[in-house]
Amino acid sequence: MASGVSAAPGAARASVQILRPVAVTKTADLMFGTVLPATSTATVAIRQDGVRTCGSPLRCYGTPSAGRFHVVGVSGQIVCISLATTRVTLTDGAAHTMTANLSLSTSSLALAGGSGDFGIAGVLSVKANQAEGAYAGQYVVSVDYQ
Amino acid sequence: MPRRFITSCPRTCVGAATVLCALLASTSASATAVAGAASVTIVAPVIAREEAPLAFGSIDSSSSGVVLTVNPDGTTRCSRAASCTGRASPAIFALTGTAGERVGVTVTDHATLSSAAGDSLQVALTLGSPQLDLIAGKARVAIGGEIIVPAGQAPGGYHGAFHVDVDYQ
Amino acid sequence: MTFFSTKRLGAFGAVLTLLAVSPSYASTGNGDASVKILRAITVTKSADLYFGKILPSASAATVAVAESGARTCGAGLGCYDTASSGAFHVVGTNGEVVSVSLDSTTATLSDGASHAMTVDLGTSTSSLTLAGGAGDFSVAGTLNVGANQVDGTYTGQYSVSVNYQ
């Protein structure tokens, strides 16, 4: 009877990486500060490093801030970051609005030591004679393992 | 070790397909979503309006020089009481702007008062407060001054103007 | 009285002896002998069974990887990275048919720290024809992820047997 060979030496391996959920906390809001509008539309930009550029007919005051988030997850993993939408509407709650375009500092983050941070920069469009008031809006970031 | 596939992360949703893209991005049941706030305060121009001028009253310097100090709080000090008469009071400016905002005030150091005959006197100006909060959108700031009138100064009415700057901070 | 010569008797006796006969019933033909010598089968693993990266949930669920490598992620779980079915390459005598079987239909994956999960293994290949002297087959698996499975890297081993038929 012919005999066979089993693959026992160098048997195959089965494996899986079990993850635990990513924890994301906001550490700073995106704040454009205080702006005096002009008679023409202009923009206020905040860079990832928090530096604000005030479009020339506008006057800017107060302390600006870029958005910032802290991510905690499985050490060594890479997470993907996305914005649900890159446009956020700021409103004063009385039918006056403005739009800001947002951008992420990165779309992928390596969790070295199990954590990492990323930022949100933005460009706010201030309309001519924008109505006075405190305006706010919300944006959503999504973080997932790769 | 399990294999690692280097895959790039999907792009952020942009452009016309934003709504569909956002829906697709959010269907991953295990993604973690967190909200951030974006904010800005739009302010109205701050306006400064003079309610009362800086007044030194009447000064008699015929026999000797006189120094009259008018403080922002309304108190006055005349180097020679008998030489200062009439009403001396600080300038008062009414400020209006966006409620709750803080403004900074600056004023020039000196003002020159001149008479119709061309004589002049110098006034050193004193600002009552360099920072004010616009409570309910309003505030008042006082500006005092010190005038030195040399002995024998030509009589007459002396007038001048000074500049006040107000701005949000 | 008739007298015969002794010689004549002798000659008669000899003639009798020459007339004795033996019977004939056996036949003959040509025959062939042959044997086929086979080369030893070698089986090498070409891919490990990899379920990917799994985010567990509060309920137990399964992750299935088909022989094609396609993964089905159980309800409530998050599945990431690209999964892979197990794959083996068989080399043997050209044209021979071999039988394929899993030594065990279950395997245990462990994180080396007292946490484990079981895997149910399967293959649709029970026999393989070695066309050109070689063949390949895949192994599928279903991983049983426990509720709130502790995070970590879990590995285990399994083996297959391949024999000439």
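Chain letters run A, B, ... following the sequence lines, proteins first, then strands; residues in each count from 1. Since the model is a prediction, treat every value here as computed from it, not as a measurement.
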In terms of heavy-atom proximity below 4.5 Å to chain B, should [X] be classed as side chain, backbone, both, or neither?
| X | answer |
| --- | --- |
| A:Ala28 | neither |
| A:Val79 | backbone |
| A:Pro21 | neither |
| A:Leu36 | both |
| A:Tyr145 | neither |
| A:Arg68 | neither |

message: With a 6.0 Å cut-off (strictly less than), is the heavy-atom count around CZ of A:Arg20, excluding the residue itself, greater than 12?
response: yes

Just how far is it from atom [atom1] of [X] to atom [atom2] of [Y], taken to the nearest 0.5 Å?
| X | Y | atom1 | atom2 | value |
| --- | --- | --- | --- | --- |
| B:Thr41 | A:Asp92 | OG1 | CG | 11.0 Å |
| B:Ser39 | A:Tyr135 | OG | OH | 13.0 Å |
| A:Tyr61 | B:Asp167 | OH | CG | 3.5 Å |
| A:His96 | B:Ile42 | NE2 | CD1 | 11.5 Å |

How far apart are the closest heavy atoms of [X] and [Y], and which atoms are they?
| X | Y | value |
| --- | --- | --- |
| B:Val43 | A:Pro37 | O-CD, 3.1 Å |
| B:Gly36 | A:Lys26 | CA-CD, 3.7 Å |
| B:Ala99 | A:Glu132 | N-OE2, 4.1 Å |

Greatest number of non-hydrogen atom pairs under 4.5 angstrom with chain B, of A:Ala134, A:Gly133, A:Ser108, falls to A:Gly133

Do B:Val40 and A:Leu124 have side-chain heavy atoms sitting under 4.5 Å apart?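 They are in side-chain contact.
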
